[in-house]
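Take a look at the structure set out below.
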Amino acid sequence: MVAYRNAAATDIDAVLRFWATAAEDSHRPPDSADAVRRLIERDPEALILAVDGDTVVGSIIVGWDGWRCHLYRLAVAPTHRRQGIGRELVARAEARFLTYGGTRADAMVLDDNAPAHRVWSTAGYAPQPEWSRWVKPL
């Protein structure tokens with residue numbers, strides 16, 4: 001049975017192992033334990049996990065900057081896909097945004113990640129053709 005909860009510092013290694021197998025990592029800097037630790041310390045509710053027993057099988061990062069709602073790192077274990085876990089993670093993130101008074105959420109989705117497009121589309125998200133994402137490594 002899959003349960004949902006916020007990540008804790010004790011989950012960091014499991015989250016990194018999970019992301020190494022379930023998340024698309026090729027277009028960004030590598031994840032680190034320090035980065036995940038800082039996220040959890042800064043906002044203990046930002047990283048929502050789906051767990052099956054002691055195993056992480058899903059994740060989403062719920063970003064709120066006081067103005068906009070941002071979603072990152074939606075991932076579901078290949079063994080647990082097509083069971084509604086991604087949809088539930090998105091719904092939990094959106095519920096959190098509503099408690100803050102958020103009015104619009106955006107999601108970072110790779111253009112070539114067709115399975116992710118289906119999840120986001122089902123949740124009511126669509127690409128905005130008038131926007132492009134500009135990044136600069138720090």
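Just so we're clear, the structure is a prediction, and the values are computed from it rather than from any experiment. Only this structure's heavy atoms are used, side chains among them; waters, hydrogens and symmetry mates stay out.
Under the rule for a side-chain hydrogen bond (donor to acceptor under 3.5 Å, both in side chains), the partners of Arg5 that lie at least two apart in sequence or sit in another chain are Asp11. In this view, Tyr100 and Arg96 satisfy the side-chain hydrogen bond (donor to acceptor under 3.5 Å, both in side chains) rule, not counting sequence neighbours. Residues passing the side-chain contact (heavy atoms from CB on, under 4.5 Å) test with Leu39, sequence neighbours excluded: Ala46, Leu47, Ile61. Shown here are the side-chain contact (heavy atoms from CB on, under 4.5 Å) partners of Asp111, two or more places apart in sequence or in another chain: there are none. In this view, Gln128 and Glu130, Trp131 satisfy the side-chain hydrogen bond (donor to acceptor under 3.5 Å, both in side chains) rule, not counting sequence neighbours. By the side-chain contact (heavy atoms from CB on, under 4.5 Å) test, Pro78 pairs with Ala22, Arg81, sequence neighbours left out. Applying the side-chain hydrogen bond (donor to acceptor under 3.5 Å, both in side chains) test to Gln83 and every residue at least two apart in sequence or in another chain returns nothing. Under the side-chain contact (heavy atoms from CB on, under 4.5 Å) criterion, Ala77 pairs with Phe18, Val57, Thr79, His80, sequence neighbours left out.
Expressed to the nearest 0.5 Å, how far CD of Glu94 lies from CD1 of Ile60 amounts to 8.0 Å. Distance check: Thr21 OG1 to Leu16 CG gives 11.0 Å after rounding to the nearest 0.5 Å. The CZ atom of Phe97 sits 14.5 Å away from atom CZ of Arg92, with the distance rounded to the nearest 0.5 Å. Here the CG atom belonging to Leu74 is positioned 9.5 Å from the CG atom belonging to Asn113, to the nearest 0.5 angstrom.
Taking all atoms of both residues into account, the shortest heavy-atom contact from Gly63 to Tyr72 is CA-CE1, 4.4 Å. The two atoms that bring Ala50 and Ile85 nearest to each other are CB-CG2, 3.7 Å, heavy atoms only. Val62 and Ala93 get closest at one heavy-atom pair: CG2-CB, 3.5 Å.
Cluster membership for Val15 and Met108, using ILVMFWY side-chain heavy atoms within less than 4.5 angstrom, is shared. Tyr4 and Ile12 end up in different hydrophobic clusters when Ile, Leu, Val, Met, Phe, Trp and Tyr side chains are linked at under 4.5 Å. Under the 4.5 Å side-chain contact rule for hydrophobic residues, Trp19 and Leu71 do not share a cluster.
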Would Tyr125 and Val109 satisfy side chain to side chain contact (heavy atoms under 4.5 Å, CB included), going step by step from the backbone distance to the final call? CA-CA 10 Å; Tyr125 290 74; Val109 185; over 6 Å; no

Residues Val2, Val51; criterion side chain to side chain contact (heavy atoms under 4.5 Å, CB included); working and verdict: CA-CA 5 Å; Val2 174; Val51 293; over 6 Å; no

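Under a 4.0 Å N-O distance rule, the pair Arg37/Glu41 does not qualify as a salt bridge.
For residues 62-71, the set of pairs meeting the side chain to side chain donor-acceptor pair (under 3.5 Å) definition, not counting sequence neighbours, comprises Asp65-His70, His70-Asp106.
Other members of the cluster containing Leu98 do not exist, because no ILVMFWY side chain is joined to it at under 4.5 Å.
Looking only at side-chain heavy atoms (C-beta outward), Arg73 and Asp31 come within less than 4.5 Å of each other. Using a 4.5 Å cut-off on side-chain heavy atoms (C-beta onward), Ser59 and Leu49 make contact.
In terms of modelled atom types and a separation under 3.5 Å, the side chain of His117 and the main chain of Ala126 share no donor-acceptor contact.
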